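Because only heavy atoms are used, hydrogens play no part in the values below, and waters and symmetry mates are left out as well, while side chains stay in. Everything numeric in this text was worked out from a predicted model, so none of it was measured.
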Amino acid sequence: YPTVNEYPSGLGKAFASWDNPEVEKKYGKYNKFDLEGAKALLKEAGYKTAIAGKWQLGFDSTLPNHFGFDEYCLWQLSKEARDGERYANPLIEQNGKFLDRDPDAYGPDVVSRFALDFVTRSKDAPFFLYYPMILPHDPQVPTPESPEWAGDRYAKNNKLFADMVAHMDKNVGEIVDHVKSLGLAENTIFLFTGDNGSSFKTAPAIGRTLAEWIVDGYPTGIDPRPF
C-alpha cells in the first residue's frame, strides 16, 4: 500500500501533491525527478512497466506514460472522486479509456485483474508492476465478501475495516500465487510497504493504532515514524 505522494525511486516526495494547478504547468515541477524514476531505471533497462490502483498525483491522463509506465489501470487519474468512487461501481481509467461502469464491480478487483493480466503478458521479459492499492482506505464500506454487500454498498461502518484488510490480503495473495504459478517466483522481488497505520475513523474499530500513538506521544516507547 505505497503512499500516493511518493514515487518508487526512493526519492521521497518526487511527485508533488495531486492538487497542483494544471499539474505544475505540464510537468514543470517534476522534471528534476524524471530521470530517477521508472523511465530511466526500468524502461531503459528493458523492463515492461505498469501501474495499477490509485493515482491522486495530478488530474492528467498523460502522467503515467510521461513518468515511464507503459500501461495503467487507475482510479482518480483524470477524474475526481465526486465523478465516481473507488469501490462498488468504480470509475476506473485504463490505458486511455474509462472502463464501463458496473454496479456489481469492485474497484480493487478490477485493478487486480489488470495486474494479473499484465504479469501474464510480461512473463517472458523483465517487468515492473507498481501497485498503490485502493484498499483499505476509508470510507470503510462493504467488500463483496461482506453480508452488507447485499444492501447499500457505500454504507459506512468502521467494523468493515476488517473485511477490507482481508480483501486486500486476498488481492495480494492472488498476485503472489500467480507469479508462482508462472514459475517466476525465484526471479521476482516483492516489496510491500505501508504509508500509515490507520485513519482516526477506524481507530475505535481496530484498537490502539498508529494514529493514537502519534497523538499520545508514542506512549508504548515505540516510535512508529519511518527510519
Side-chain angles (χ1 to χ4, degrees), residues 1-10 14-15 34 36-79 84 86-87 89-102 104-137 143-144 164 167-195:
Y1 180 37
T3 172
V4 294
N5 279 341
E6 294 189 10
Y7 194 62
S9 64
F15 284 163
D34 279 1
E36 301 297 332
K39 183 180 294 184
L41 299 180
L42 297 166
K43 284 182 62 65
E44 293 179 9
Y47 279 71
K48 294 182 178 180
T49 56
I51 178 172
K54 58 185 176 184
W55 182 250
Q56 299 179 315
L57 293 165
F59 296 111
D60 185 333
S61 60
T62 69
L63 283 170
N65 292 149
H66 174 76
F67 287 109
F69 293 104
D70 298 319
E71 302 183 38
Y72 61 82
C73 183
L74 297 163
W75 173 70
Q76 213 170 47
L77 174 56
S78 65
K79 295 291 185 179
R86 70 189 83 183
Y87 294 122
N89 193 25
L91 181 61
I92 304 294
E93 198 167 347
Q94 179 175 315
N95 296 333
K97 297 180 180 179
F98 286 98
L99 301 182
D100 292 337
R101 304 292 295 276
D102 180 355
D104 292 324
Y106 187 59
D109 289 342
V110 174
V111 299
S112 284
R113 284 194 296 270
F114 167 85
L116 293 170
D117 180 63
F118 171 76
V119 171
T120 299
R121 291 184 287 104
S122 305
K123 63 184 177 64
D124 296 323
F127 66 85
F128 172 74
L129 171 65
Y130 180 45
Y131 190 8
M133 299 189 77
I134 292 172
L135 286 163
H137 200 286
T143 72
M164 296 171 78
H167 200 95
M168 178 184 71
D169 186 62
K170 173 186 173 183
N171 288 150
V172 172
E174 288 171 344
I175 293 176
V176 173
D177 289 344
H178 188 56
V179 170
K180 290 179 178 178
S181 73
L182 294 173
L184 303 175
E186 296 301 316
N187 197 34
T188 301
I189 297 174
F190 295 93
L191 299 177
F192 187 90
T193 67
D195 69 350

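Here the CZ-CD distance, from Arg113 to Glu174, works out to 9.5 Å after rounding to the nearest 0.5 Å. With rounding to the nearest 0.5 angstrom, the CG atom of Asn95 is 9.0 Å from the CG atom of Leu74. Atom NE2 of His178 sits about 5.5 Å away from atom CG of Leu116, to the nearest 0.5 Å. Here CG of Leu135 is found 11.0 Å from NZ of Lys170. Values are rounded to the nearest 0.5 Å. Expressed to the nearest 0.5 Å, how far OG of Ser61 lies from NE2 of His66 amounts to 13.0 Å.
Taking the six-membered ring where the residue is Trp, Phe69 and Trp55 present perpendicular rings, their angle passing 60° and hence far from 30°.
The two atoms that bring His137 and Tyr87 nearest to each other are O-OH, 2.6 Å, heavy atoms only. In this structure, Pro108 and Arg86 approach most closely via the heavy-atom pair CD-O, 3.8 Å. Nearest heavy-atom pair across Ala115 and Leu129 is CB-CD2, 3.7 Å. Between Gln94 and Leu99 the shortest heavy-atom distance is OE1-CD1, 3.8 Å. The two residues Lys180 and Ala185 make their nearest non-hydrogen contact at CG-CB, 3.8 Å. Of all heavy-atom pairs spanning Glu93 and Tyr72, the tightest one is O-CD1, 3.6 Å.
Between the side chains of Tyr131 and Ser112, a donor-acceptor pair is found at a separation under 3.5 Å.
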Please lay out, stage by stage, how Phe114 and Ile92 fare under the test side-chain contact (heavy atoms from CB on, under 4.5 Å).
CA-CA 11 Å; Phe114 167 85; Ile92 304 294; over 6 Å; no
Tyr47 vs Asp70, side-chain contact (heavy atoms from CB on, under 4.5 Å): CA-CA, chis, key distance, verdict:
CA-CA 10 Å; Tyr47 279 71; Asp70 298 319; over 6 Å; no
Test Leu42 against Tyr130 for side-chain contact (heavy atoms from CB on, under 4.5 Å), laying out the working first.
CA-CA 12 Å; Leu42 297 166; Tyr130 180 45; over 6 Å; no
Check step by step if side-chain contact (heavy atoms from CB on, under 4.5 Å) holds for Phe118 and Lys48.
CA-CA 9 Å; Phe118 171 76; Lys48 294 182 178 180; 4.1 Å; yes
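Not a single side-chain hydrogen bond (donor to acceptor under 3.5 Å, both in side chains) links Asp177 to another residue, sequence neighbours left out.
Considering only heavy atoms from C-beta on, Tyr106 comes within 4.5 Å of Thr143 through its side chain.
No more than 12 heavy atoms of other residues, nucleotides or ligands lie within 6.0 Å of CG in Asn187, so this atom counts as exposed by the packing criterion.
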